[in-house]
Amino acid sequence: MRIATWNVNSVRARLDHLRDWLAAEQPDLVCLQETKVVDADFPHEPFGEAGYRAEISGQKSYNGVAVLARAGLEITDQVRDLPGLDDPQRRFLAVTVEGVRVVNVYVPNGSEVGSDKYAYKLDWLAHLTGHLRAELAAHPRLLLTGDFNIAPADLDVHDPDAWRDKVLCSTPERAAFHELEALGLRDLFRALHPDEPGFSWWDYRMNAFRRDRGLRIDLLLVTDDLAACARACRVDRTPRGREKPSDHAPVVASFDLGG
DNA sequence: ATGGTCGTTGGACGA
């Protein structure tokens, strides 16, 4: 089973990229973030033609998450809001597939350290951690994936000194990430590639992609049970190099789920 | 240099 995460920065603006990438990679499941569309306007038809069905939790203009599942895969137990948090922002979508609980998140960006949005980000992460503590008791195979808007360590940052204590890299954000790891979740790309930066996001400005001035903020965290099934995890930079790309690259993990 | 470039909008705002 191959599962991907991709912040597409508008699912409608990225339809051609998504179609081409699905045809080339044929993943089983794709967790999307920043779909930026209300559910009534989600483009189900092109994904159906591509052989995928979409579970969605969207809103107008901002945020929005979706899970694309290869036709024939049974999806159950959909949850479209982060339980326990009264939040109009669409940032959470959980499904179960092939015995794996998949939790797709678009963690708040946080804007600036010390801002209201930053406080919201830390609060949102605290609620996510609390929810997952209960989920993990019920699901030995759990995958938490999405755009975390946190670069966990300096290796995940092109210029750690320039980013020191800035949003995406600040100590409280990294501490919130370590709280997720403390639940028993492992950062799969980092576990398989201890020395590779693995950037997944590059700012649109200043030719950041061409200069490889990126951050690794799009992550897959897995339980030990699922980590034992993991065979590979890679960042696919191909779509980021195309015309009119998302500012994020997809990250793909392969699992041998066995029985 | 406190900038830049996108997407959604139809002027800013968010990232």
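All figures in this text were calculated on a predicted structure; none of them were measured in a lab. Below, read A as the first sequence line, B as the second, and so on, with proteins coming before strands; counting in each chain starts at 1.
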Could you state the atom-to-atom distance from [atom1] of [X] to [atom2] of [N] in whole Å?
X: A/Asp147; N: B/dA15; atom1: CG; atom2: P; value: 10 Å
X: A/Phe209; N: B/dA15; atom1: CZ; atom2: P; value: 23 Å
X: A/Asn63; N: B/dC13; atom1: CG; atom2: P; value: 17 Å
X: A/Leu168; N: B/dG14; atom1: CG; atom2: P; value: 16 Å
X: A/Glu112; N: B/dA15; atom1: CD; atom2: C1'; value: 12 Å
X: A/Trp163; N: B/dT2; atom1: CH2; atom2: C1'; value: 14 Å
X: A/Tyr118; N: B/dA15; atom1: OH; atom2: C1'; value: 17 Å
X: A/Lys117; N: B/dC13; atom1: NZ; atom2: C1'; value: 8 Å

Sugar-phosphate only, base, or nothing, as touched by A/Arg213 at under 4.0 Å among non-hydrogen atoms:
nothing
Kindly give the atom pairs (protein nitrogen or oxygen, nucleotide nitrogen or oxygen) under 3.5 Å for nucleotides 3-7 of chain B.
from, atom 1, to, atom 2, distance (Å)
B/dG4, N7, A/Arg205, NH1, 3.0
B/dG7, OP1, A/Arg14, NH1, 3.0
B/dG7, OP1, A/Arg14, NH2, 3.3
B/dG7, OP2, A/Lys244, NZ, 3.1
B/dG7, O3', A/Ser10, OG, 3.2

What distance, rounded to whole Å, do you find between the two C1' atoms, one in B/dG10 and one in B/dA1?
30 Å
Would you tabulate the side-chain donor-acceptor contacts of residues 41-48 of chain A under 3.5 Å, counting partners in other chains and residues two or more places apart, or write 'none'?
none

Kindly compute the distance separating CZ (A/Arg231) from CG (A/Leu257), expressed to the nearest 0.5 Å.
9.0 Å
A/Arg174 side chain vs A/Ala151 backbone, donor-acceptor pair below 3.5 Å
yes
Using a 3.5 Å distance criterion without hydrogens, assess whether the side chain of A/Arg14 forms a donor-acceptor pair with backbone atoms of A/Thr35.
no
A/Tyr106 or A/Arg12, whichever maps to the more 5' nucleotide of DNA chain B:
A/Arg12
Output yes when A/Asp156 and A/Arg190 qualify as a salt bridge under the 4.0 Å nitrogen-oxygen rule, no when they do not.
yes
Take A/Asn63 and A/Arg90 through the side chain to side chain donor-acceptor pair (under 3.5 Å) test and state the conclusion after the steps.
CA-CA 6 Å; A/Asn63 310 312; A/Arg90 291 348 227 181; over 6 Å; no
Once salt bridge (charged side-chain N to carboxylate O under 4.0 Å, His left out) is applied, do any residues pair with A/Arg53, and if so which ones, sequence neighbours excluded?
A/Glu55
